[in-house]
Novice: 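What follows is a structure written as structure tokens; I'll ask about it next.
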Amino acid sequence: MEVIFFLIVLVIVIALICAAIAFALPFILMALIMVLFVAFLYGIGKSLIGYYSALITTYGKNVGITIGVTLTFFWLFCCLFVGKKFIVPLLASIGVLQGII
């Protein structure tokens with residue numbers, strides 16, 4: 001009788017743990033996504049600071065900043081121009097899928 005009672009309690013505890021994990025999982029995933037996004041932005045910031053400091057050290061302040069800004073905008077526009085060819089059809093297909101669902 002005592003063994004059955006402990007087995008029932010064990011099953012209830014396992015069920016409660018599973019329910020707690022299932023309830024908390026979306027919050028844990030959202031927190032992980034937010035941490036990854038912040039870390040991504042932090043990494044971009046640190047790399048740009050290192051990039052500009054290397055240019056300033058090599059070419060001097062005015063020329064280094066001018067080269068850095070020019071190349072940054074050049075690559076930004078290149079990525080946007082090339083990325084537009086891939087992103088627009090992707091967003092259109094997502095919109096079609098949402099219309100189907």
Side-chain angles (χ1 to χ4, degrees):
M1 185 74 170
E2 195 173 302
V3 173
I4 294 174
F5 173 74
F6 285 122
L7 287 175
I8 292 172
V9 169
L10 181 65
V11 168
I12 291 172
V13 168
I14 291 173
L16 288 174
I17 290 172
C18 290
I21 290 172
F23 177 74
L25 192 61
F27 299 107
I28 293 170
L29 290 177
M30 184 58 71
L32 181 65
I33 289 170
M34 289 172 58
V35 166
L36 289 174
F37 182 71
V38 169
F40 178 73
L41 291 179
Y42 179 75
I44 287 175
K46 292 291 278 188
S47 65
L48 282 177
I49 289 171
Y51 173 67
Y52 279 101
S53 69
L55 286 174
I56 289 171
T57 302
T58 305
Y59 297 108
K61 185 172 183 179
N62 292 333
V63 176
I65 291 175
T66 304
I67 291 172
V69 169
T70 304
L71 289 177
T72 300
F73 280 121
F74 172 75
W75 287 114
L76 179 69
F77 289 129
C78 286
C79 290
L80 290 176
F81 179 74
V82 172
K84 189 173 101 172
K85 293 180 180 181
F86 299 107
I87 292 172
V88 171
L90 178 65
L91 292 176
S93 65
I94 290 172
V96 169
L97 286 176
Q98 287 178 347
I100 292 172
I101 295 172

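This structure is a prediction, so every number in the text was calculated from the model and none was measured.
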Novice: Nearest 0.5 Å, please: how far is CG in L55 from OH in Y51?
Specialist: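 Going from the OH atom of Y51 to the CG atom of L55 covers 5.0 Å.
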
Novice: Let me check something: do V9 and I17 share a hydrophobic cluster, defined by ILVMFWY side-chain heavy atoms less than 4.5 Å apart, either directly or through other members?
Specialist: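 Yes.
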
Novice: If you group Ile, Leu, Val, Met, Phe, Trp and Tyr by side-chain heavy-atom gaps below 4.5 Å, do V13 and I21 land in one group?
Specialist: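 Cluster IDs for V13 and I21 match.
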
Novice: So which heavy atom on G50 is nearest to which on S53, and how close?
Specialist: O-OG, 3.0 Å

Novice: Heavy atoms only: give me the nearest S47-I44 pair and the separation to one decimal.
Specialist: OG-O, 2.8 Å

Novice: Between I12 and I4, is there shared hydrophobic-cluster membership here, with clusters defined by ILVMFWY side-chain heavy atoms closer than 4.5 Å?
Specialist: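 Hydrophobic grouping puts I12 with I4.
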
Novice: Distance-only criterion, 3.5 Å: show the donor-acceptor pairs between side-chain atoms of residues 64-83 and protein atoms not counting sequence neighbours.
Specialist:
{"residue": "T66", "atom": "OG1", "partner": "N62", "partner atom": "O", "Å": "2.7"}
{"residue": "T70", "atom": "OG1", "partner": "T66", "partner atom": "O", "Å": "2.7"}
{"residue": "T72", "atom": "OG1", "partner": "Y52", "partner atom": "OH", "Å": "3.0"}
{"residue": "T72", "atom": "OG1", "partner": "G68", "partner atom": "O", "Å": "2.6"}

Novice: Just wondering, do F6 and L10 contact through their side chains at under 4.5 Å, heavy atoms?
Specialist: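 Side chain of L10 against side chain of F6, heavy atoms only: no contact under 4.5 Å found.
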
